[in-house]
Amino acid sequence: MGEATRSSVVRDSLGVAIATGTYGLSFGAVGVASGLSLAQTCVLSLLMFTGASQFALAGVLGSGGTPVAGALTALLLGTRNALYGLRLAPLLGYRGWRRAAAAQVLIDESTAMAVTRPNRELARTGFLTTGLTIFVLWNLTTLAGGLAGEQLGDPRDLGLDAAVGAAFLALLWPRLTTPVLKATAALAALVAAGAVTLTPAGVPVLVAAGVAVLVGALSR
């Protein structure tokens, strides 16, 4: 495996990680505005560390919901991480404490940067570079956003959310090499787009994943 190949994986991973990690500014501000203390907001990012679930919990609390309702909503949205684990466990090949540690940074972005790699070493490079970088940045920007509170502008105004989606599209599009893969991606995107206006944040991802699983099962 050449150094240039590893370097390209690191470069791609850092590009996605920096855009995603900066988005923690928004969660810090939203968490404090929803009634959580600064310490509680930071602990959520440190221990829960899955953006959609964190925003869902803060949203439920901010709208007057109970902590139990918020926790159940966050748990529902976090179920996709379990599916990621089933896919990545044999690919990454971690055992013991390494597997437990890797689970902490098992998120959408680290999964995407691992599953497209041709071998285990590159998969680990993409997974760890993305996951660890986002973890550090997300927690730092959560603290900064919480301190700034409602005075902070939403990072979406800077186009960071669009940057993440554009990065994923650029990385995944070349992998759609067969008609079945292209049709599955198009169908999943359409279903997810329709679910955006009807479901909480994060659920469209689960719906799109369900489409992909269904197509995979039928194609077999």
Hydrophobic clustering (ILVMFWY, side-chain heavy atoms < 4.5 Å, transitive) - are [Y] and [X] grouped together?
{"X": "Phe49", "Y": "Leu132", "value": "yes"}
{"X": "Met48", "Y": "Val32", "value": "no"}
{"X": "Val115", "Y": "Ile134", "value": "yes"}
{"X": "Tyr94", "Y": "Leu88", "value": "yes"}
{"X": "Val215", "Y": "Val191", "value": "yes"}

Could you tell me whether the side chain of [X] and the main chain of [Y] form a donor-acceptor pair under 3.5 Å?
{"X": "Ser110", "Y": "Val105", "result": "yes"}
{"X": "Ser26", "Y": "Tyr23", "result": "no"}
{"X": "Asn81", "Y": "Ile107", "result": "no"}
{"X": "Arg120", "Y": "Pro90", "result": "yes"}
{"X": "Thr141", "Y": "Trp138", "result": "yes"}
{"X": "Thr50", "Y": "Ser53", "result": "no"}
{"X": "Gln104", "Y": "Ala101", "result": "no"}

Nearest 0.5 Å, what's the [atom1]-[atom2] distance between [X] and [Y]?
{"X": "Thr125", "Y": "Asp12", "atom1": "OG1", "atom2": "CG", "result": "12.0 Å"}
{"X": "Leu46", "Y": "Thr41", "atom1": "CG", "atom2": "OG1", "result": "12.5 Å"}
{"X": "Thr111", "Y": "Leu92", "atom1": "OG1", "atom2": "CG", "result": "8.5 Å"}
{"X": "Arg124", "Y": "Arg98", "atom1": "CZ", "atom2": "CZ", "result": "8.5 Å"}

So, do [X] and [Y] sit near enough that their side-chain heavy atoms are less than 4.5 Å apart?
{"X": "Thr20", "Y": "Thr133", "result": "no"}
{"X": "Met113", "Y": "Thr129", "result": "no"}
{"X": "Leu91", "Y": "Phe127", "result": "no"}
{"X": "Val9", "Y": "Arg117", "result": "yes"}
{"X": "Phe27", "Y": "Leu44", "result": "yes"}

If you compare all heavy atoms of [X] against all heavy atoms of [Y], which two are closest, and at what distance to 0.1 Å?
{"X": "Phe135", "Y": "Ser45", "result": "CE1-O, 4.4 Å"}
{"X": "Ala52", "Y": "Arg80", "result": "CB-NH2, 3.7 Å"}
{"X": "Cys42", "Y": "Thr142", "result": "CA-CG2, 4.2 Å"}
{"X": "Ala17", "Y": "Leu137", "result": "O-CD1, 4.0 Å"}
{"X": "Val30", "Y": "Ala58", "result": "CG1-CB, 4.0 Å"}

Distance-only polar pair, side chains of Thr130 and Ser13, donor-acceptor under 3.5 Å: yes

